[in-house]
Amino acid sequence: MNKIEHLGIAVKDLAASNDLFTKLLGVAPYKEEEVASEGVKTSFFEMGESKIELLEATKDDSPIAKFIEKKGEGIHHIAFAVADIQIEINRLKEEGFVVLNETPKRGADNKWVAFLHPKNTNGVLVELCQDIEE
Ligand code: ZN
């Protein structure tokens, strides 16, 4: 794995949180994107080599809605950049981690993504991501 690509933060109101994080970080989000398949609307802030991703649910059964219902707003996942996501998925399965996406799926910000189940990672939802080259 390479660097921390981004931290994902679950929020109730993306517009309000965009304002808050713009004040906090001193920089506006460089993009907003909806991922309909995941039921989320996201925004991204650039922080040097890493990013902050804010996630708001767009439907009641979205994973983000369920997370906020259970735990409230806050840090939702940590994402690591990897050079070859399929190799990492295979390696981590071999190591005994539970990979939630055996085949990477298309995520926000032009990435292939896969998640690891938090039960094997000290309660932290881990995202792997690789840039989509087209
Ligand atoms: Zn993410």
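We count ligands from 1, going down the list as the structure has it; atoms in each ligand are counted the same way.
Within the 4.5 Å cutoff, no side-chain heavy atoms of Leu7 are placed close to those of Met47.
For the pair Thr58 (side chain) and Lys41 (backbone), a donor-acceptor distance under 3.5 Å is absent.
Glu94 has no carboxylate O lying under 4.0 Å from a charged side-chain N of Arg91, or vice versa, which leaves the two without a salt bridge. A salt bridge is absent between Glu127 and Lys111; no separation between the charged side-chain nitrogens and carboxylate oxygens falls under 4.0 Å.
Side-chain polar atoms of His77 and Glu53 form a donor-acceptor pair below 3.5 angstrom.
For the Zn ion (ligand 1), the count of nearby protein N, O or S atoms, meaning those under 2.8 Å away, is 4.
Through side-chain heavy atoms spaced under 4.5 Å, either directly or across other Ile, Leu, Val, Met, Phe, Trp or Tyr residues, Val35 is tied to Val40, Leu55, Ile64, Phe67, Ile68.
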